[in-house]
Amino acid sequence: MTVESDANESPAEEYKPPTSALDVTPTLDGGVLKEIVKEGEGEDTPLSGCKVHVHYTGKLTDGTVFDSSRDKGTPFTFQLGKGKVIKAWEIGVGTMKKGEIAVLHCKHEYAYGITGSPPKIPPKATLIFEVELLEWEVENLSGKKDNGILRRPITNGIGYGSPKELAEVEIHVVGEHEGRVFDDRDVNFCLGEGADNDIPPGVEKALESFVRGETSKLELKPKYGFGDRGHEKFGIPPGASLVYTVALKKFDQPKDSWMMSSHEKIDEAKNLKEKGTKYFKADKFELALKMYKKVLDFIESDAGFEEEFLADRSAVLLATHLNIAMCHLKLRNFIDAKKSCDTALEMDANNLKALFRRGQALLQTCEPSLARKDFEKVITLEPTNKAAAAQINICTQRQRELHSKEKMMYANMFEKFAQKDREVSSN
């Protein structure tokens with residue numbers, strides 16, 4: 001195709017689409033015209049975020065084929081509404097039903113613009129695509145192949161930014177279980193603390209992909225809902241799948257740590273530590289652990305810290321590792337508890353809490369001899385520590401029990417060997 005240098009004589013203006021083609025552009029400016037070649041099934045069309053699978057053939061207005069998935073023998077897959085394809089496809093494919101075949105006539109403003117896409121597509125080219133919509137998949141926000149959080153947009157939001165962890169969000173939620181509405185309210189909370197507001201983890205995870213003003217329906221599998229515990233107040237049984245309609249009204253993004261001064265990092269770390277302690281006292285150990293771990297994001301590295309704040313940073317950091325260890329003990333994550341104590345002891349080799357908690361973790365991992373050493377060191381540093389003395393007695397008892405079990409195991413083993421020897425001799 002020859003492209004004239006005069007912009008007033010571009011191929012896009014010379015081409016006359018058939019009068020049977022319908023304008024499907026939101027502004028009805030004729031930018032995307034659609035002819036249905038074969039009707040699709042049902043009434044549903046793919047929504048923004050869906051992964052769609054299509055076959056297509058792309059032509060210039062003179063009939064030259066410049067691209068075809070059919071020639072490649074593989075359908076083309078893309079996520080709708082995410083800017084992965086030309087605007088004409090976002091609009092046109094979004095109007096199609098499953099199994100539908102349609103021809104899209106796309107002006108250059110909705111295709112490759114005034115520059116085209118050399119060498120195959122000239123400047124200001126109107127393009128013609130025959131598209132077959134094979135199928136589509138609802139957007140999965142779980143980040144895994146379990147399709148645990150499916151999003152079906154209802155109302156598009158504005159802008160591109162989404163709330164991140166610790167952002168303060170204002171939402172309206174409607175929760176349903178087997179057709180029954182169990183929750184319908186406005187909620188304000190910080191992302192990461194949803195559990196304290198009876199918000200399931202799947203809703204929190206999904207909100208990290210919402211934009212301001214968006215309303216979407218979420219389908220949550222049990223692990224992203226209220227899991228194996230269910231929710232007594234809402235009347236949700238264990239292992240229940242849920243449906244939530246969520247509207248993100250507004251959100252305030254937290255300040256990134258790299259943008260903070262040393263003083264601000266310390267203040268934020270202390271604030272998160274206080275939240276963690278509040279949740280710990282309320283026996284919400286998982287939430288407490290989450291808050292304590294967020295403290296580390298702000299002060300784990302001393303890079304950029306001014307000299308006058310280093311001592312304060314070290315004190316908060318040490319206390320945080322001790323608190324993390326305690327949370328892990330409560331949650332029976334004994335190996336992680338030991339690791340946190342190890343980190344604390346690297347900072348303070350004689351820290352009584354770190355030694356005592358590591359001893360507790362070692363006891364639970366069947367290491368009574370090592371645990372005993374930690375409790376004995378506590379007694380050395382603090383002779384009046386009755387709790388450590390009691391733990392030493394427990395270690396002694398556990399060591400005896402282990403020795404007894406080992407003795408019995410070896411006795412049985414030797415008896416088996418002896419029996420085999422007797423059988424061999426008799427033969």
Side-chain angles (χ1 to χ4, degrees), residues 44 46-47 49-51 135-154 162-166 169 171-210 214-248 275-276 278-294 324 326-337 364:
D44 292 339
L47 300 169
C50 288
K51 184 183 290 186
E135 60 179 339
W136 69 84
E137 303 162 27
V138 179
E139 184 178 16
N140 173 31
L141 299 179
S142 70
K144 300 179 180 179
K145 294 181 179 180
D146 59 5
N147 289 323
I149 309 172
L150 300 181
R151 170 167 66 174
R152 301 178 187 274
I154 297 172
S162 298
K164 55 189 177 183
E165 196 166 23
L166 299 183
V169 298
I171 65 174
H172 185 86
V173 295
V174 178
E176 299 176 63
H177 174 244
E178 296 183 346
R180 175 182 66 89
V181 174
F182 63 84
D183 193 9
D184 187 347
R185 61 193 164 113
D186 290 318
V187 197
N188 289 71
F189 67 99
C190 290
L191 273 189
E193 300 179 65
D196 195 43
N197 294 271
D198 299 312
I199 299 295
V203 170
E204 284 202 277
K205 175 71 174 175
L207 282 169
E208 294 179 5
S209 299
F210 274 48
E214 174 183 339
T215 300
S216 290
K217 180 169 286 189
L218 304 174
E219 299 173 14
L220 309 180
K221 285 192 174 178
K223 68 180 289 188
Y224 299 97
F226 295 117
D228 294 333
R229 300 177 186 174
H231 198 293
E232 185 177 356
K233 184 175 80 174
F234 289 150
I236 304 299
S241 295
L242 307 174
V243 175
Y244 270 87
T245 301
V246 181
L248 177 58
K275 282 187 176 183
K278 179 190 74 171
Y279 290 132
F280 187 89
K281 289 179 178 178
D283 292 340
K284 297 179 179 179
F285 305 122
E286 290 178 351
L287 261 178
L289 181 60
K290 186 182 290 187
M291 293 300 106
Y292 290 139
K293 284 184 174 181
K294 289 302 295 182
I324 288 174
M326 181 58 80
C327 286
H328 281 309
L329 287 172
K330 291 291 186 180
L331 293 168
R332 305 188 65 80
N333 302 327
F334 301 119
I335 293 176
D336 289 329
Q364 294 297 328

Q) Looking at residues at least two apart in the chain, or sitting in another chain, which of them share a side chain to side chain donor-acceptor pair (under 3.5 Å) with Asp228? A) none
Q.
Has Thr245 got a side-chain atom pairing as donor or acceptor with Lys217's backbone, closer than 3.5 angstrom?
A. no
**Q.** side chain to side chain donor-acceptor pair (under 3.5 Å) involving Arg152 - partner list, sequence neighbours excluded
**A.** Glu219
Q) Sub-3.5 Å donor-acceptor pair from the side chain of Asn140 to the main-chain atoms of Lys144, do we have one? A) yes
Q.
Among residues at least two apart in sequence or on other chains, which ones pass ring-ring contact (aromatic ring centres under 6.0 Å, His included) with Phe189?
A. none
**Q.** side chain to side chain donor-acceptor pair (under 3.5 Å) partners for Glu135, two or more places apart
**A.** none
Q. Who are the salt bridge (charged side-chain N to carboxylate O under 4.0 Å, His left out) partners of Asp183, not counting sequence neighbours?
A. Arg185
Q. Do Val246 and Glu214 have side-chain heavy atoms sitting under 4.5 Å apart?
A. no
Q: List for me each residue that meets ring-ring contact (aromatic ring centres under 6.0 Å, His included) alongside Phe334, sequence neighbours excluded, and say none if there are none.
A: none
Q: Please identify each residue that fulfils side chain to side chain donor-acceptor pair (under 3.5 Å) with Asp146, with sequence neighbours left out.
A: Ser142, Tyr224
Q) So do Phe285 and Asn333 actually touch side chain to side chain, heavy atoms under 4.5 Å? A) no
Please report, to 0.1 Å, the donor-acceptor pairs under 3.5 Å made by any side chain of residues 191-203, with sequence neighbours excluded.
{"from": "Glu193", "atom 1": "OE1", "to": "Tyr279", "atom 2": "OH", "distance (Å)": "2.5"}
{"from": "Glu193", "atom 1": "OE2", "to": "Lys275", "atom 2": "NZ", "distance (Å)": "2.6"}
{"from": "Asp196", "atom 1": "OD1", "to": "Lys284", "atom 2": "NZ", "distance (Å)": "2.3"}
{"from": "Asn197", "atom 1": "ND2", "to": "Glu193", "atom 2": "O", "distance (Å)": "3.2"}
{"from": "Asp198", "atom 1": "OD1", "to": "His231", "atom 2": "NE2", "distance (Å)": "2.9"}
{"from": "Asp198", "atom 1": "OD2", "to": "Lys233", "atom 2": "NZ", "distance (Å)": "2.6"}

Q) Taking only residues two or more places apart in sequence or in another chain, which ones pass salt bridge (charged side-chain N to carboxylate O under 4.0 Å, His left out) with Arg229? A) Glu286
Q. CD1/Ile324 to NZ/Lys290 distance, rounded to the nearest 0.5 angstrom?
A. 14.0 Å
Q: Apply salt bridge (charged side-chain N to carboxylate O under 4.0 Å, His left out) to Glu165 and list each qualifying residue two or more places apart in sequence or on a separate chain.
A: Lys294
Q. Mind checking what makes salt bridge (charged side-chain N to carboxylate O under 4.0 Å, His left out) contact with Lys164, not counting sequence neighbours?
A. Asp256
Q) Do the rings of Tyr244 and Phe182 sit parallel, tilted or perpendicular, given the 30° and 60° boundaries? A) perpendicular
Q) Rounded to the nearest 0.5 Å, what separation is found between the CG atom of Leu150 and the OG atom of Ser216? A) 12.0 Å
Q.
List the residues meeting side-chain contact (heavy atoms from CB on, under 4.5 Å) with Pro237, not counting sequence neighbours, and say none if there are none.
A. His177, Ala240
Q: First locate atom CG of Asn147, then atom CG of Leu141, and finally report the distance between them rounded to the nearest 0.5 Å.
A: 10.5 Å
